[in-house]
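Note sheet for the following structure.
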Amino acid sequence: MTEKSWIEEKYKDIEYNLKTIREEIAKAAALSGRSEKDIDFMAVTKTVDEMFINHAIDCGITLIGENKVQEMLRKKPNLHLDGVRKNLIGHLQSNKASQIVGEVDMIESVDSLKIAREISKQALKKGIVQDVLVEVNIGREESKTGIMPECVEDLLGQMGECTGLRVCGLMAIPPICDNTTELCKFFENMYNMYVDIGSKKLDNVYMNVLSMGMSGDFSEAIRSGANHIRVGSKIFGPRIY
Ligand SMILES: *Cc1c(COP(=O)(O)O)cnc(C)c1O
């Protein structure tokens with residue numbers, strides 16, 4: 001295949017995938033008494049070439065997510081970002097906070113008071129308020145980032161003092177599960193935590209984003225109450241590292 005026809009094929013795949021995903025989103029949203037419009041659909045663009053990201057944007061994507069600070073900053077100038085929000089979804093180290101604060105619309109991966117304080121400090125320095133989500137390690141997995149579920153409320157309480165940021169909700173990646181029932185338990189636990197903590201009206205906490213669901217499980221996540229999903233490989237194909 002020539003270079004050109006390979007790119008054309010890939011563009012068509014992206015168009016087809018987006019159409020299929022949007023249909024699934026609408027179906028899952030309806031099953032939980034909502035509409036497609038209630039679900040914020042993020043295209044996860046890690047390892048994806050800018051021309052394909054721009055194509056997804058041309059096809060209506062208005063929210064993109066990257067894992068790594070460096071990759072986000074490198075690609076940003078090459079993207080058609082007019083009207084497109086961009087979030088950081090990967091783990092953030094304190095020493096990188098100054099580079100990313102103010103460069104993204106939201107940092108979805110805050111999981112300690114230390115990183116929250118650093119983000120807040122950098123935001124105040126830049127004279128902005130940085131929107132963030134708190135990442136929860138819902139499966140209590142050693143190997144994963146995110147704060148343990150039982151510590152979420154304390155952390156949110158302490159984040160009240162971080163006036164350079166605004167907590168907009170919660171993010172989670174569930175463990176790999178053997179079946180849908182087990183998977184949905186994790187999603188439902190997250191949803192309950194989101195509603196419970198939201199009802200407490202903590203200072204500086206606005207619980208209106210529940211970010212969960214990826215390529216393999218976004219339907220289940222939506223049916224369990226997610227209103228923000230993060231889909232990568234189902235749009236762009238398998239990642240090549
Ligand atoms: C890579 C990634 C995704 C998307 O994963 P896919 O399975 O490719 O959809 C979502 N969220 C986070 C935090 C990720 O790192």
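When a ligand or atom number is given, it counts from 1 through the structure's own listing order. For the numbers below, each heavy atom of this structure counts, side chains included, while hydrogens, waters and symmetry mates do not.
Near V231, meaning under 4.0 Å from any of its heavy atoms, are these atoms of ligand 1: 9 (O). Interface atoms of ligand 1 facing I173, defined by a heavy-atom separation under 4.0 Å, are 13 (C). Within the listing of ligand 1, atoms 11 (N), 12 (C), 13 (C), 14 (C) sit less than 4.0 angstrom from a heavy atom of I89. When each atom of ligand 1 is checked for a heavy atom of S215 under 4.0 Å away, the hits are 6 (P), 7 (O), 8 (O), 9 (O). Close contacts of ligand 1 with G232, meaning ligand atoms under 4.0 Å from a residue heavy atom, involve 4 (C), 6 (P), 8 (O), 9 (O). Residue-ligand proximity, S233 to ligand 1, at heavy-atom distances under 4.0 Å covers atoms 6 (P), 7 (O), 8 (O), 9 (O).
Although no hydrogens or angles enter the test, the distance criterion places a donor-acceptor pair under 3.5 Å between the side chain of D38 and the main chain of S35. Listed for the N54 side chain is a donor-acceptor partner under 3.5 Å among the backbone atoms of H80. A donor-acceptor pair is defined here as one N or O able to donate and one able to accept, closer than 3.5 Å; no such pair exists between the side chain of D131 and the backbone of M106.
Contacts between R239 and ligand 1 below 4.0 angstrom, taking non-hydrogen atoms only, involve the side chain exclusively. Contacts between N67 and ligand 1 below 4.0 angstrom, taking non-hydrogen atoms only, involve the side chain exclusively. With a 4.0 Å cut-off on non-hydrogen atoms, K46 touches ligand 1 through its side chain and not its backbone.
A salt bridge does not link D49 with K75: every distance from a Lys NZ or Arg NE/NH1/NH2 to an Asp or Glu carboxylate oxygen is 4.0 Å or more. Salt bridge status for E103 with K76: present, with a side-chain N to carboxylate O gap under 4.0 Å.
The shortest non-hydrogen separation linking V129 to L165 is CG1-C, 3.8 Å.
Residue, atom and distance of the protein heavy atom nearest to atom 10 (C) of ligand 1 are M214 SD, 3.1 Å.
Looking at R230, K68, H91, M212, it is R230 that brings a heavy atom closest to atom 11 (N) of ligand 1.
Side chains of E135 and H91: no donor on one and acceptor on the other come within 3.5 Å. S94 and E118 are not linked by any side-chain donor-acceptor pair at a separation below 3.5 angstrom, with hydrogens and angles left out of the test.
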